[in-house]
Each structure stands twice: as C-alpha cells, then as structure tokens.
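Small disclaimer: the values here were computed from a predicted structure and weren't measured. Every heavy atom of this structure was used, including side-chain atoms; hydrogens, water molecules and symmetry mates were not. In what follows, chains carry the letters A, B, and so on, assigned in the order in which the sequence lines appear, proteins first and then strands, with residues in each chain numbered from 1.
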Protein chains: 2
Amino acid sequence: MTGRKISEKTIRRLSHYARCLRHTRIKGKKIVTSEYLAKRCSISSAGVRKDLAVFGEFGKQGSGYDVQELLANIEKILGTGKPLHVIVIGAGNIGQALLESGLEGTGGYSYSAIFDSDPEKQGKIYAGIAVQPMKELRETIRELGDNIAVIAVPDGEGQKCVDQLVEAGCNAILSFVLEPLDVPEGVKLRYIEISTELDILTHSLMRTGRIGR
Amino acid sequence: MTGRKISEKTIRRLSHYARCLRHTRIKGKKIVTSEYLAKRCSISSAGVRKDLAVFGEFGKQGSGYDVQELLANIEKILGTGKPLHVIVIGAGNIGQALLESGLEGTGGYSYSAIFDSDPEKQGKIYAGIAVQPMKELRETIRELGDNIAVIAVPDGEGQKCVDQLVEAGCNAILSFVLEPLDVPEGVKLRYIEISTELDILTHSLMRTGRIGR
DNA sequence: GCGTGTGAACCTCTTCACAGCG
DNA sequence: CGCTGTGAAGAGGTTCACACGC
C-alpha cells in the first residue's frame with residue numbers, strides 16, 4: 001500500500017507527535033489538544049492542526065484529539081507501530097551500545113541481529129544477541145523479512161558494507177559512517193552525523209556571542 | 001563576534017562542504033568545482049554556488065574554489081576549525097562508545113571529560129579519560145572554557161542532568177535522551193533521534209511499496 | 001570554453017485569523 | 001465557549017538560465 005508524498009519535515013513532526021502520544025498514553029491521559037502537542041514538540045498549534053488535518057479529520061472540535069485514536073492514525077500514516085526488525089552491522093563500540101540501549105517505546109522496532117567481519121568479535125553476545133559473520137547476512141535477512149539496517153563500521157568500510165547489505169536484499173540503511181555512500185535507486189539511506197550537530201551548536205554559540213571566534 | 005542569521009539548513013550544508021573539503025584536502029586535491037561538491041553532498045551545483053556566494057566571492061571563474069581557502073572560509077563562518085571541548089554526561093553504553101569512537105577529522109572537536117552520577121562508574125577510564133562525579137562538573141567546565149555537552153543518560157534523568165549543566169555554565173547541549181527537555185533562553189539544545197530516523201526510513205519503505213503495511 | 005555569481009520564476013512551508021462545529 | 005479545520009498572506013528556499021570574468 002503506497003501512500004501520498006509527505007515532506008521529510010512533516011514526517012519528522014509526525015514521528016514526534018507519535019512519541020509524545022505514546023508517552024501521554026502511559027500517563028493515562030485520554031484527550032489532548034493541538035496546543036498540548038505543540039508545546040511538547042516545539043511548534044505552533046496551528047502547525048499541529050495543519051499537519052493532522054491533511055490526513056483526515058482526527059479531532060473533535062471543542063475538545064481535541066483522542067490519544068489512542070490519533071496515535072493509531074499517525075502510525076498508519078508513517079507505516080510504523082507494527083514490529084520491524086533492525087539489524088546492526090559492526091560490533092564495535094557504537095554497535096554494542098545500540099544493542100544494549102535497545103529500542104523500547106519506539107513503536108515496534110527491535111534489534112534482531114548484529115554482524116561483524118572480524119572473527120574475533122563473532123560469537124560474542126550483546127543484549128542476548130550473538131554477533132554473526134557477514135556471510136550469514138543474506139540468510140538472516142531472508143529469515144527476518146522486513147528490516148532496516150544500521151551500520152556502525154570503521155571509516156573506510158562503509159561502502160563495502162552497504163554493497164553487501166544491498167546485495168543481501170536490504171533496502172533501508174541508517175549510517176553512523178560519515179563517508180558519502182552510494183546506493184542503487186530505490187534503496188533508502190540516511191545518516192546520523194554527530195559532527196554536523198556539533199557544528200550547528202557551535203555556530204549558534206558564536207552567533208550569540210557565547211564563544212569567541 | 002556575532003555573525004548574520006543563517007538558516008539551519010544552510011549551516012548543515014556548510015558543515016557537509018567542510019567535511020568533504022577536509023577529505024579532499026587529504027587526497028591532495030587543490031581545486032574543486034561547485035559540481036564536485038554538489039555530487040558529494042547530494043545537492044545541485046547551483047545550490048552550492050548560491051550557498052557560498054552569500055558570504056563572499058570565494059570562487060575563481062573558469063576554475064573553481066581553492067580547497068584550503070574555501071575550507072578556512074567555511075570554518076570561519078561556522079565558528080568551527082578551532083579546538084573545542086566536548087564533554088559527555090553519562091558513562092553508560094552510549095557515553096563509552098562516543099569516547100572510544102573519538103571525534104577525529106571533525107574540525108577541532110575532542111572529548112575532554114566524562115561524568116556520571118553512579119559511584120560504581122566513577123574512576124573508570126575510557127579512551128584515556130576518567131569518569132568524574134557530577135559534583136565536579138562546574139569546576140571542570142570552568143577549567144575547560146568553551147564547551148559543548150553531550151548527554152547520554154537513562155530516560156528520566158535528562159532534565160535533572162540538563163539543569164546541572166546549565167547551572168554549571170554550559171550553554172550548548174546535544175541530547176541522546178528523547179524526553180522533551182527545557183532549557184533557559186540562550187541555551188542551545190539539539191537531539192539525536194534514532195527512532196525518528198527509523199520512522200522516516202519506514203515511511204519511505206512503505207510509500208515505495210517495499211514493505212507491506 | 002569553463003565555471004562562478006545572480007536575478008527572476010517557482011515552489012514549499014509557516015503563520016495568521018477566523019469560520020464552523022460540538 | 002473551546003478548539004479544530006482552513007483559506008489567504010507572507011516568508012523562505014530551490015531551480016533555472018545566463019551574463020560575466022578567467
């Protein structure tokens with residue numbers, strides 16, 4: 001089932017709303033207003049209403065949005081909310097940390113496997129999951145079905161790793177590797193860039209005169 | 001020295017150009033074209049030229065941009081390129097992994113200290129840096145001078161941690177904690193959200209019919 | 001000729017103000 | 001009366017085409 005085109009910015013906000021609603025649900029609150037979501041997601045209430053109204057009339061005028069119902073709708077729009085396997089490539093510091101940290105409260109994701117090309121690391125167990133050799137990648141991906149890969153391999157090994165993933169049938173990758181990576185048409189790739197986030201903070205500090213540069 | 005207002009989107013691109021230029025410099029290349037940067041940063045060449053032209057005429061018509069000179073200019077605009085201390089709060093899996101991974105090739109950043117409120121963890125050494133108790137936060141920040149804090153503490157401890165940082169004089173925070181955090185006016189705060197990145201990938205997979213939802 | 005710098009057109013996103021429904 | 005849904009206005013960002021300098 002293919003949905004309509006939604007901008008990345010909107011998807012990011014929907015993801016925030018979903019996270020906020022899960023948290024709200026746990027607290028036992030049943031109804032929220034656009035103002036409530038707005039405050040917690042650092043956005044205007046009009047923005048929240050506009051985001052939600054595009055996909056249907058989820059709200060009840062005079063009261064607000066039903067938490068459970070709105071969350072279900074957002075998860076349907078995003079395609080999240082159902083279990084989805086996340087596999088990790090690279091059992092170094094980052095890879096281990098990801099597994100140990102887990103993905104609880106994220107709407108269906110869970111780490112299901114970890115791979116490393118280093119025989120020294122293979123067989124070690126993190127968060128109950130044994131490190132597998134790369135040659136088992138294809139087989140494991142076939143067994144798991146739908147999945148997203150997170151790569152956290154040393155600099156210089158990123159492209160090789162991506163190629164193996166693509167070849168094994170993975171078509172969504174989240175990279176902690178900063179090298180520009182090539183993927184075939186149709187394979188989705190995103191980056192987590194700590195250094196860029198630091199740059200943004202640094203610029204902000206400089207601009208407001210909080211550090212001398 | 002306060003600079004003009006630049007959008008976050010532009011700063012993010014400048015950060016990418018800088019990273020690319022550092023890499024290019026290592027390869028020994030002296031001149032690059034807007035097309036060269038465009039390819040590697042997944043953007044149009046007109047976009048690259050527009051970004052750069054706003055801050056001065058860095059390019060030479062007919063040839064391109066001098067790598068070293070352009071990098072220096074971008075770093076000046078961003079306020080990066082000079083050494084800047086990054087301190088980590090939380091010596092759990094993520095905190096350890098960050099220190100061990102280091103910040104080489106990022107334009108001046110380096111991890112300089114790590115703190116944890118758990119006495120069990122205090123004194124342990126990661127990447128040559130000993131875990132300090134939180135009560136030493138203020139003193140260390142004063143000694144280090146300009147800094148950015150990265151917080152990687154357990155869920156529920158984020159706000160307390162932020163409050164202590166702000167109180168100790170830190171005014172830029174990068175958070176791995178997903179709770180919405182409050183900071184006073186003037187303190188800069190950003191989030192690294194793996195679950196949101198996964199949501200964006202999931203939606204993209206669904207939209208292109210690569211997973212059934 | 002090659003590649004930069006730039007004005008203009010175009011498109012997207014955000015904000016505002018308010019009508020309308022419960 | 002409260003809060004949603006929405007058209008209109010405004011702001012910001014991107015793309016295009018081309019003049020200009022090396």
Assess the side chains of B/Glu193 and A/His16: does a donor N or O sit below 3.5 Å from an acceptor N or O?
yes

The side chain of A/Ala53 lies closest to which of these nucleotides: D/dT6, C/dT4, C/dT6?
D/dT6

What's the CZ-C1' distance between A/Phe58 and D/dT6, to the nearest Å?
16 Å

Send over the distance from A/Phe55 CZ to D/dT4 C1', rounded to a whole Å.
17 Å

Should the pair A/Arg12-B/Glu197 be classified as a salt bridge under the 4.0 Å nitrogen-to-oxygen rule?
yes

Think A/Ser34 has a side-chain N or O under 4.0 angstrom from the OP1 or OP2 of D/dT4?
yes

Using atom CZ of A/Arg12 as one end and atom P of C/dC13 as the other, report the distance to the nearest whole Å.
14 Å

With sugar-phosphate taken as primed atoms, P, OP1 and OP2 and all else as base, the protein-contact string of nucleotides 13-22 of chain D at under 4.0 Å (heavy atoms; B, S, -) is SSB-B--BBS

So, applying salt bridge (Lys or Arg N to Asp or Glu O under 4.0 Å) with B/Glu69, which one of B/Lys30, B/Arg25, B/Lys60, B/Lys76 is it?
B/Lys60

Would you classify B/Glu35 as touching base, sugar-phosphate or nothing, given that sugar-phosphate means primed atoms plus P, OP1 and OP2, and contacts are heavy atoms under 4.0 Å?
nothing

What's the NZ-C1' distance between A/Lys5 and C/dT12, to the nearest Å?
11 Å

Within this structure, what is the CG-CD1 distance for the pair B/Leu198 and A/Ile148, rounded to the nearest 0.5 Å?
5.0 Å

Whole-Å gap separating P (D/dC3) and CG (A/Leu37):
13 Å

Taking the six-membered ring of B/Tyr36 (Phe, Tyr or Trp), confirm whether the NZ or CZ of B/Arg40 is under 6.0 Å from its centre and within 45° of its axis.
yes

Length of the line joining A/Leu14:CG and C/dC13:P, which is rounded to integer Å:
13 Å

Could you give the CG-to-P distance, from B/Leu70 to C/dT4, as a whole number of Å?
11 Å

Taking CD from A/Glu57 and C1' from D/dT4, how many angstroms apart are they, rounded to a whole number?
9 Å

Between B/Tyr65 and C/dG5, is there a side-chain N or O to OP1/OP2 distance below 4.0 Å?
yes

Side chains of B/Val54 and B/Thr10: closer than 4.5 Å at any heavy-atom pair?
no

Do the non-hydrogen side-chain atoms of B/Met134 and B/Ile89 ever get within less than 4.5 Å of each other?
yes

